[in-house]
Amino acid sequence: MSEIVLAVDLGGTNLRMAAVDRQGKILFRTKRETPDAKRAEEIVELIIEEARECQANLPEEEINFISIAVPATVNAEEGLILKAPNLPALNNFPIAGAIEKELKLKTILENDANAAAIGENWIGASKGFANSICITLGTGVGGGIIIHGKILRGVDGTAGEVGHICVEPFGVACGCGSRGCVEQYASATAVVRQAKELAREFPASDLSARYDLTSEDVYQAGKTGDKLAIEVFRRQGFYLGIALAGLINVLNPEIIIFGGGASAGWDLFLPHLQAEIAARAYAEPAKRAKLVRAELGDDAGILGAAKLAFESLKS
């Protein structure tokens, strides 16, 4: 009987769970919409429901660990979510303890972008690199930083919050409490917001009359040369480039990986991102840092969470 863990990727849009073995093979998976919860318990109840579905579909396997990746700053040692800008019902909530109590499974917690960085480093785009940065462009913008093969958590467990680097001092208010965070200019949410804000400037755009836009709609329009979409992705690349130039100067990474749904616009924002890095970062570190797409897609956070669980089982 092989060792199996449950891994959860709790996103602002979807809640994914999978049963994973030590080789990173996903044996069973579930996916539900993340509830627009007013109470943290609503999210806990959905996690428990999905965990029981996984257990029911692996009747011969023993599952004794669950690992959860969340879009939040966390205290991993205490299993406590500190601040979740896109899921505020979870602020200051001891989610690991709540789930452990119900499922009787050892439960650990990690920031979702950290988990994605670990997953990509395990069996994805940054495998074999000791120093990497993983940027997740989803509902928000996350960052996971690996230095000398270890995830950088910081003294309070809040390191790697790339999405909350300020790139516009008097810019758009952010859910974290600051203003002008890169998340407000480079996430999927920001792509949609900016497309709507700029619509009056581009009345000929097919997007200007749309009220139910998605970031995918903006990307598809950009591929056809829509000027409104092109401007949105120019801004995304510009602001990401400012943030990453600073990170390159400070951390000197070997590779930077881009994942998440909003990274679909890669071919549209990359030239602008590269231009800002070239203009703002030291030349040698900027040349060294490879810029690549993530390889694991939506499974990066799940696989990273699973890797953490297996490491905990060894200790």
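Remember, it's a predicted structure, so these values are computed and weren't measured experimentally. The residues of the chain are indexed from 1 along the displayed sequence.
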Problem - Beyond-backbone contact of Val232 with Leu207, side-chain heavy atoms, under 4.5 angstrom - result: no
Problem - Salt-bridge present (Glu168, Arg235; N to O < 4.0 Å) - result: no
Handout entry: Shortest non-hydrogen contact from Cys181 toward Val167
Key = C-CG2, 4.2 Å
Problem - Sub-4.5 Å side-chain heavy-atom contact between Ile230 and Leu268 - result: yes
Practice task
Kindly say whether Thr73 contributes a backbone atom to a donor-acceptor pair with the side chain of Asn111 at under 3.5 angstrom?
Solution key: no
Practice task
Check whether any side-chain heavy atom of Ile43 sits under 4.5 Å from a side-chain heavy atom of Phe93, and report yes or no.
Solution key: no
Problem - CA sep, side-chain torsions, deciding dist, call: Ile99, Val44, side-chain contact (heavy atoms from CB on, under 4.5 Å) - result: CA-CA 7 Å; Ile99 290 169; Val44 170; 4.0 Å; yes
Handout entry: Which atom of Ala84 lies closest to which atom of Asn91, heavy atoms considered
Key = N-OD1, 2.6 Å
Handout entry: Interatomic distance, Leu247 atom CG to Ile256 atom CD1 [nearest 0.5 angstrom]
Key = 7.0 Å
Handout entry: Salt bridge Glu231-Lys227, side-chain N to carboxylate O under 4.0 Å
Key = no
Practice task
Tell me, please, which residues at least two apart from Glu254 pass salt bridge (Lys or Arg N to Asp or Glu O under 4.0 Å).
Solution key: none
Exercise for the section: Indicate yes or no: at least one non-hydrogen side-chain atom of Ser263 is less than 4.5 angstrom from one of Arg293. Expected result: yes
Problem - Audit row: Glu49, Arg32, salt bridge (charged side-chain N to carboxylate O under 4.0 Å, His left out) steps and yes/no - result: CA-CA 10 Å; Glu49 179 183 319; Arg32 303 269 173 41; 3.7 Å; yes
Completion exercise
In this structure, CD of Glu183 is separated from CD1 of Ile165 (nearest 0.5 Å) by 11.5 Å
Problem - Donor-acceptor under 3.5 Å (Glu276 side chain, Ile242 main chain) - result: no
Exercise for the section: State which residue, out of Thr189, Thr13, Asn14, fulfils the side chain to side chain donor-acceptor pair (under 3.5 Å) condition with Thr139. Expected result: Thr13
Fill in the blank from the handout: Nearest heavy-atom approach of Ala281 to Ala245 is CB-O, 3.8 Å
Exercise for the section: Examine distances only and state if a side-chain atom of Ser126 and a backbone atom of Asn121 form a donor-acceptor pair shorter than 3.5 Å. Expected result: yes
Fill in the blank from the handout: Rounded to the nearest 0.5 angstrom, the CG-NE2 distance for Leu240 and His272 is 11.5 Å
Exercise for the section: May I ask whether Ile26 and Trp122 are part of the same hydrophobic cluster, defined by side-chain heavy atoms of I, L, V, M, F, W, Y residues being less than 4.5 angstrom apart, directly or through others? Expected result: yes
Practice task
Evaluate the criterion salt bridge (charged side-chain N to carboxylate O under 4.0 Å, His left out) for residue pair Arg193 and Glu197; output intermediate values, then yes/no.
Solution key: CA-CA 6 Å; Arg193 191 199 76 244; Glu197 289 174 351; 2.9 Å; yes
Handout entry: Member of Ile81, Ile66, Leu10 meeting the side-chain contact (heavy atoms from CB on, under 4.5 Å) criterion with Leu109
Key = Ile81
Exercise for the section: Would you mind checking if Lys31 and Asp298 are paired as a salt bridge, meaning a charged N to carboxylate O distance below 4.0 Å? Expected result: no
Practice task
Could you tell me whether a side-chain N or O of Asn249 sits under 3.5 Å from a main-chain N or O of Tyr282, the two making a donor and an acceptor?
Solution key: yes
Practice task
Using the side-chain contact (heavy atoms from CB on, under 4.5 Å) rule, take Leu291 and Trp266 through it: C-alpha gap first, then chi angles, then the decisive distance, then the call.
Solution key: CA-CA 10 Å; Leu291 307 179; Trp266 165 265; 4.1 Å; yes
Handout entry: Approximate separation, where rounding is to 0.5 Å, of Ser205 OG and Asp226 CG
Key = 3.0 Å
Completion exercise
Heavy atoms of Ile248 and Ala286 approach each other most closely as CG2-N, 3.8 Å
Exercise for the section: Say whether, by atom type as modelled, one donor and one acceptor occur between the side chain of Glu120 and the main chain of Ala300 under 3.5 angstrom. Expected result: no
Handout entry: Closest contact, heavy atoms only, Asp267 versus Ala264
Key = OD1-O, 3.8 Å
Handout entry: Minimal non-hydrogen separation, Arg210 against Leu213, with atom names
Key = CB-CD2, 3.7 Å
Handout entry: Connected via hydrophobic side-chain network under 4.5 Å: Leu152 and Ile257
Key = no
Exercise for the section: Could you state whether Met17 and Leu90 fall into the same hydrophobic cluster, counting links through intermediate Ile, Leu, Val, Met, Phe, Trp or Tyr residues with side-chain heavy atoms under 4.5 angstrom apart? Expected result: yes
Exercise for the section: Check the pair His164, Thr158 against side-chain contact (heavy atoms from CB on, under 4.5 Å), reporting the backbone distance first and the verdict last. Expected result: CA-CA 11 Å; His164 300 288; Thr158 62; over 6 Å; no
Problem - Main-chain N/O of Ala305 paired with Ser67 side-chain donor or acceptor, under 3.5 Å - result: yes
Exercise for the section: Give a yes or no answer on whether the side chain of Thr34 reaches the backbone of Gly11 with a donor-acceptor pair at less than 3.5 Å. Expected result: yes
Problem - Atom CZ of Arg288: over 12 foreign heavy atoms under 6.0 Å - result: no
Practice task
Kindly say whether Val172 contributes a backbone atom to a donor-acceptor pair with the side chain of Tyr185 at under 3.5 angstrom?
Solution key: yes
Exercise for the section: Walk me through it: do Leu244 and Phe258 pass the test side-chain contact (heavy atoms from CB on, under 4.5 Å)? Expected result: CA-CA 11 Å; Leu244 291 178; Phe258 297 82; 3.5 Å; yes
Problem - Heavy-atom neighbours of Lys196 NZ exceed 12 at 6.0 Å - result: yes
Problem - Salt-bridge present (Arg16, Glu50; N to O < 4.0 Å) - result: no
Practice task
State whether the side chain of Asp217 and the backbone N or O of Thr214 hold a donor-acceptor pair below 3.5 Å, judged by distance alone.
Solution key: yes
Problem - pair Tyr219-Phe233: side-chain heavy atoms closer than 4.5 Å - result: yes
Handout entry: Heavy atoms of other groups near Asn64 CG, more than 12 under 6.0 Å
Key = yes
Handout entry: Flag side-chain contact, heavy atom, 4.5 Å: Asn131 against Asn252
Key = no
Exercise for the section: Side-chain contact test, heavy atoms from C-beta onward, threshold under 4.5 Å: evaluate it for Phe28 versus Cys54 and give yes or no. Expected result: yes
Practice task
Please tell me if the side chains of Arg52 and Leu103 come closer than 4.5 Å, counting only heavy atoms from C-beta onward.
Solution key: yes
Completion exercise
When rounded to the nearest 0.5 Å, the distance separating CD1 of Ile118 from CG of Leu308 is 4.0 Å
Practice task
Say whether, by atom type as modelled, one donor and one acceptor occur between the side chain of Asp21 and the main chain of Ile4 under 3.5 angstrom.
Solution key: no
Handout entry: Shared hydrophobic cluster, Phe269 / Val182 (ILVMFWY, side-chain heavy atoms < 4.5 Å)
Key = yes
Problem - Cluster link Ile147 to Phe129, ILVMFWY, side chain under 4.5 Å - result: no
Handout entry: Distance, nearest 0.5 Å, that separates CG of Leu58 from CD of Glu53
Key = 10.5 Å
